[in-house]
Amino acid sequence: MLEIRDISFSYDPDKPTVTGFSLNVEAGKHVALIGESGSGKSTILKLLYGHYDLSSGSISYKSDAITGPKFNLIPGDVRFKYLAQDFGLMPYITAAENVGNFLSNIYKDKKNQRVSELLELVEMTEFANVKPKFLSGGQQQRIALAKTLALEPEVVLLDEPFSQIGASLASSLKRDLFGYFKQNNISCIVATHDGNDVLAYADEAVIMKDGTIVETDRPKAIYANPGSKYIASLFGEANEIAMRFFSAGQDGTRLVYPHQLKISGSGIRAIVKKSYFQGSHYLIKAEYEAGTLFFENRVAIMENEGVFLALSV
Ligand SMILES: Nc1ncnc2c1ncn2[C@@H]1O[C@H](COP(=O)(O)OP(=O)(O)OP(=O)(O)O)[C@@H](O)[C@H]1O
């Protein structure tokens, strides 16, 4: 088990970057670190890979301490693999050579077989002999993912691993990749600013803000009951609407996703401002008494048309 106990770290002594972060990750579990840009996700992954020395707290894997550059010349536990946002590929050797770069040349057949298997996993077989400098950003990212897995790590640390990969390929790649991790009992920690990236695949979601954990639970539980507008907005547009709009005299606010509002005969009066095509539906931006809100509708609505909105659940 990977145990992260109350760790703190700062790049600048006057400004803490990560404070009091604790997490346990069991073998084969998938954890998603989700948070806005600058919330400290990449820093956590780098600390887990021993890139920096902790200010306080401890990290251990199967009871071995993970320490920073003060204690090690080369960062990283050999059982871990870290995929940074900049991929770290070598530009002048082919995609296949990059993937097999860390594999031993003694068993050539075994090496070639492993490289082919990994290229197939990331759907890059046809680009095996192409150098990364001739590949697109998304293709390079897929090669980097394959390279990360070459040495059969026990724990993978992935920083925004799908950021450059188009939506259609990303969904099949995610299915294959997370399936592969489960099959091989590989623990995985993924940093992302988009909760939707990992809703289907993470066993646990850790929501980060300003270097601390604001919520941790199963993704389904967090999505259903987001706790704050910040958390809800990590899964897309979210409305925070005063309870009085739903029930006269009630205090407080309620977080409502756009798909939870529908046009009705009565309810919140709103004036439509814009309709955004989303494929299967339109996301409609409207103004109401308390500001702006978003709801979903099957068809576009004319600007300045008045509607009444009610909860669809
Ligand atoms: N090498 C560095 N030196 C100084 N400050 C840094 C360094 N790297 C990151 N920071 C700062 O630390 C904070 C956390 O950054 P970090 O990269 O961990 O956030 P993040 O959540 O991964 O963001 P993103 O989603 O944009 O990658 C930010 O305020 C950032 O500006």
Side-chain angles (χ1 to χ4, degrees), residues 2 4-23 25 30-59 66-72 74-76 80-89 137-138 140-142 144-145 148 155-167 170 174 187-199 201-202 204-217 219 222-223 226-238:
L2 172 64
I4 308 165
R5 288 229 180 105
D6 201 18
I7 60 170
S8 296
F9 168 80
S10 50
Y11 294 101
D12 167 355
D14 298 329
K15 198 171 142 248
T17 308
V18 168
T19 328
F21 184 102
S22 296
L23 182 70
V25 185
H30 298 172
V31 174
L33 301 180
I34 311 170
E36 64 187 357
S37 181
S39 56
K41 308 176 299 288
S42 302
T43 305
I44 293 287
L45 295 187
K46 288 175 186 165
L47 290 168
L48 295 179
Y49 201 61
H51 268 295
Y52 304 119
D53 295 300
L54 297 170
S55 313
S56 60
S58 64
I59 304 171
I66 293 185
T67 48
K70 257 190 208 157
F71 305 89
N72 305 288
I74 301 168
F80 284 36
K81 264 288 171 201
Y82 166 61
L83 176 60
Q85 282 185 23
D86 63 3
F87 313 154
L89 293 175
Q140 289 184 32
Q141 195 162 28
R142 284 185 276 153
L145 273 166
T148 303
V155 179
V156 289
L157 310 168
L158 307 177
D159 202 346
E160 304 277 1
F162 311 109
S163 59
Q164 309 247 354
I165 298 168
K174 277 184 221 169
S187 309
C188 152
I189 306 182
V190 184
T192 177
H193 59 271
D194 183 353
N196 297 306
D197 244 8
V198 286
L199 264 182
Y201 306 103
E204 188 175 356
V206 174
I207 308 291
M208 293 195 62
K209 190 172 193 319
D210 299 331
T212 61
I213 296 178
V214 289
E215 179 101 56
T216 168
D217 206 334
I222 291 187
Y223 182 84
S228 72
K229 180 149 188 207
Y230 170 72
I231 298 174
S233 63
L234 296 169
F235 299 101
E237 295 294 348

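Counting starts at 1 for both ligands and their atoms, in listed order.
- In this structure, Asp6 contributes its side chain and Gly57 its backbone to no donor-acceptor pair below 3.5 Å.
- Between Phe9 and Tyr52, the angle of the ring planes stays under 30°, which puts this pair in the parallel group of the 30/60° scheme.
- Of all heavy-atom pairs between Asp159 and Gln85, the closest is OD1-NE2, 3.2 Å.
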If you look at each N/O of ligand 1, which protein N/O atoms lie under 3.5 Å away, and at what distance?
{"unit_1": "ligand 1", "atom_1": "18 (O)", "unit_2": "Thr43", "atom_2": "N", "d": "2.9"}
{"unit_1": "ligand 1", "atom_1": "18 (O)", "unit_2": "Thr43", "atom_2": "OG1", "d": "2.5"}
{"unit_1": "ligand 1", "atom_1": "19 (O)", "unit_2": "Gly40", "atom_2": "N", "d": "3.2"}
{"unit_1": "ligand 1", "atom_1": "21 (O)", "unit_2": "Gly38", "atom_2": "N", "d": "3.4"}
{"unit_1": "ligand 1", "atom_1": "21 (O)", "unit_2": "Ser39", "atom_2": "N", "d": "3.0"}
{"unit_1": "ligand 1", "atom_1": "21 (O)", "unit_2": "Ser39", "atom_2": "OG", "d": "3.3"}
{"unit_1": "ligand 1", "atom_1": "21 (O)", "unit_2": "Gly40", "atom_2": "N", "d": "3.0"}
{"unit_1": "ligand 1", "atom_1": "21 (O)", "unit_2": "Lys41", "atom_2": "N", "d": "3.1"}
{"unit_1": "ligand 1", "atom_1": "21 (O)", "unit_2": "Lys41", "atom_2": "NZ", "d": "2.8"}
{"unit_1": "ligand 1", "atom_1": "22 (O)", "unit_2": "Ser42", "atom_2": "N", "d": "2.8"}
{"unit_1": "ligand 1", "atom_1": "22 (O)", "unit_2": "Ser42", "atom_2": "OG", "d": "2.7"}
{"unit_1": "ligand 1", "atom_1": "23 (O)", "unit_2": "Gly38", "atom_2": "N", "d": "2.8"}
{"unit_1": "ligand 1", "atom_1": "25 (O)", "unit_2": "Lys41", "atom_2": "NZ", "d": "2.9"}
{"unit_1": "ligand 1", "atom_1": "26 (O)", "unit_2": "Ser37", "atom_2": "OG", "d": "2.6"}
{"unit_1": "ligand 1", "atom_1": "27 (O)", "unit_2": "Gln85", "atom_2": "NE2", "d": "3.1"}

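- Note that OG of Ser8 and CG of Leu54 are 8.5 Å apart. Values are rounded to the nearest 0.5 Å.
- Of the possible polar contacts, one joining the Glu160 side chain to the His193 backbone as a donor-acceptor pair under 3.5 Å is found.
- With rounding to the nearest 0.5 angstrom, the OH atom of Tyr82 is 12.0 Å from the CD1 atom of Ile189.
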